[in-house]
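Only heavy atoms go into these numbers, but all of them, side chains included; no hydrogens, no water, no symmetry mates. Numbering starts at 1 and runs along the sequence shown.
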Amino acid sequence: MDRNSVQFNFTIGEPKSYNQHKQKLLLAYNTISKFSLILKTNAKSPSSSIHHYISKYKGIPIWVLMDYLDFGSLYHFTSVLPDNVLNKIAGDFVPFINENIPGEYLAIGFTPEIMLKFLKNIRETRNICAHNNRLLDFKCHSDSPYYAPLHEKYNISSQDHRTDFYSTFISMQCFLGKTEFAVLNNSLRKRFRSLSKHLNTISINEVLDKMGFPKDWQLRPPLNQ
């Protein structure tokens, strides 16, 4: 997405900039502390973009700060934004999703709730990978929300479970551009094809099934990059 597509007045160090619900506000203080540490660490470093913007413009665009957040911090920051800001962000994803997931269903109804739940499950899956834990039989704590413009394309119904790695994988199509998602898809496909040549006691389809992938998924044509 265009980093300038969502515009709003926001002061990262001001609690009033965040969702004022009591539970959300408590989490917002953690986010403010995270930003304060980032600023303290980088403000005096001549090679950092933060130092550049402070020195030249006396202020820092929020998209610059996003580059300094890990995925977990980015998720927590997004989750405590005010409802009106979340509505703007989710609404801005609609043309992006329509471009990247063309099909019968237009990407209307991409709500903040859907966006945050997708991101939450992506974060859970990312943490499994980052700590070298196994994806076989891994399940997120809750289902990814059913979203017809995405799930209809993959023949997934609202009654199906959506807690496995495959569900998280396809939901990333809502956040990645065509080329980025194609690279991810084709890299996984290549890994599965390579793995299938080294299995003796189980089949590649058993492995795919334990991660939620369709049978013979690795034999599907690669996506255009």
Side-chain angles (χ1 to χ4, degrees), residues 70-72 74-76 78-79 90 93 96-225:
D70 57 42
F71 193 84
L74 177 61
Y75 165 74
H76 288 303
T78 307
S79 70
F93 268 106
F96 177 83
I97 295 172
N98 280 329
E99 179 181 349
N100 287 284
I101 314 178
E104 178 181 351
Y105 292 87
L106 291 176
I108 58 175
F110 190 73
T111 64
E113 181 181 15
I114 291 173
M115 177 180 70
L116 289 173
K117 287 185 175 180
F118 277 170
L119 288 174
K120 182 180 180 181
N121 283 1
I122 292 171
R123 174 177 171 263
E124 282 188 37
T125 305
R126 177 264 171 203
N127 288 344
I128 289 293
C129 297
H131 294 95
N132 290 321
N133 292 325
R134 61 187 178 93
L135 287 170
L136 289 176
D137 285 329
F138 166 71
K139 297 290 187 291
C140 293
H141 287 95
S142 57
D143 270 331
S144 291
Y146 180 75
Y147 187 52
L150 172 69
H151 291 111
E152 284 287 334
K153 178 179 179 179
Y154 294 97
N155 297 315
I156 297 174
S157 76
S158 59
Q159 305 304 313
D160 291 329
H161 291 296
R162 298 178 300 280
T163 57
D164 50 41
F165 173 49
Y166 182 68
S167 294
T168 301
F169 163 65
I170 64 171
S171 72
M172 294 178 71
Q173 200 167 2
C174 294
F175 305 100
L176 298 175
K178 284 183 179 179
T179 300
E180 293 171 313
F181 185 78
V183 169
L184 174 62
N185 179 92
N186 296 344
S187 296
L188 281 174
R189 174 181 173 274
K190 184 178 180 180
R191 292 291 182 91
F192 282 131
R193 289 169 69 92
S194 177
L195 177 63
S196 67
K197 299 175 183 178
H198 297 88
L199 295 175
N200 296 312
T201 58
I202 61 173
S203 70
I204 189 62
N205 278 322
E206 290 177 85
V207 175
L208 290 169
D209 181 66
K210 288 182 177 294
M211 289 189 279
F213 282 75
K215 183 179 180 181
D216 294 327
W217 181 84
Q218 82 286 1
L219 299 180
R220 297 183 178 187
L223 300 181
N224 292 329
Q225 294 181 209

State, yes or no, whether a side-chain contact exists between [X] and [Y] at a heavy-atom distance under 4.5 Å.
X: Gln173; Y: Tyr154; value: yes
X: Glu124; Y: Phe138; value: yes
X: Met115; Y: Thr78; value: yes

Can you name the residues that form a side-chain hydrogen bond (donor to acceptor under 3.5 Å, both in side chains) with Asn98, not counting sequence neighbours?
->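 Listed in chain order: nothing, the list is empty.
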
How long is the gap from [atom1] on [X] to [atom2] on [Y], to the nearest 0.5 Å?
X: Arg126; Y: Met172; atom1: CZ; atom2: CE; value: 11.5 Å
X: Ile97; Y: Ile108; atom1: CD1; atom2: CD1; value: 11.5 Å
X: Leu74; Y: Leu119; atom1: CG; atom2: CG; value: 7.5 Å
X: Phe192; Y: Phe213; atom1: CZ; atom2: CZ; value: 4.5 Å
X: Leu136; Y: Leu208; atom1: CG; atom2: CG; value: 10.0 Å
X: Leu150; Y: Ile170; atom1: CG; atom2: CD1; value: 4.5 Å

Quick one: closest heavy-atom pair of [X] and [Y], and the distance?
X: Asp143; Y: Asn121; answer: C-ND2, 3.8 Å
X: Glu99; Y: Lys178; answer: O-CE, 2.9 Å
X: Gly177; Y: Phe96; answer: N-CZ, 3.7 Å
X: Leu176; Y: Phe181; answer: CB-N, 4.0 Å
X: Pro149; Y: Ile101; answer: O-CG2, 3.6 Å
X: Ile128; Y: Arg134; answer: CG2-O, 3.8 Å

With Tyr146, which of His151, Glu152, Gln159 fulfils side-chain hydrogen bond (donor to acceptor under 3.5 Å, both in side chains)?
->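 Answer after filtering His151, Glu152, Gln159: Glu152.
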
Taking only residues at least two apart or on different chains, which pairs with a member in residues 186-200 satisfy side chain to side chain donor-acceptor pair (under 3.5 Å)?
->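 Listed once each, the pairs are Asn186-Gln225.
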
Would you list the pairs meeting side chain to side chain donor-acceptor pair (under 3.5 Å) in which at least one residue belongs to residues 106-119, sequence neighbours left out?
-> Glu113-Lys117

In this structure, are over 12 heavy atoms from other groups packed under 6.0 Å from [X] atom [atom1]?
X: Leu219; atom1: CG; result: yes
X: Asn133; atom1: CG; result: yes
X: Lys120; atom1: NZ; result: no

Could you list the donor-acceptor pairs under 3.5 angstrom formed between side-chain atoms of residues 162-169 and any protein atom two or more places apart in sequence or on another chain?
residue : atom : partner : partner atom : Å
Arg162  : NE   : Ser144  : O            : 2.7
Arg162  : NH1  : Ser157  : O            : 3.4
Arg162  : NH1  : Ser158  : O            : 3.2
Arg162  : NH1  : Asp160  : O            : 2.8
Arg162  : NH2  : Ser144  : O            : 3.2
Asp164  : OD1  : Tyr166  : N            : 3.3
Asp164  : OD1  : Ser167  : N            : 2.9
Asp164  : OD1  : Ser167  : OG           : 3.0
Thr168  : OG1  : Thr125  : OG1          : 3.3

Any sub-3.5 Å donor-acceptor pair from Glu206's side-chain atoms to Ser203's backbone N or O?
->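 Checked: pair present.
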
Which residue pairs pass the salt bridge (charged side-chain N to carboxylate O under 4.0 Å, His left out) test with at least one member in residues 209-225, sequence neighbours excluded?
->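 Found Asp137-Lys210.
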
For Phe71, the ring pair (Phe, Tyr, Trp, His ring centres under 6.0 Å) test, sequence neighbours excluded, returns none

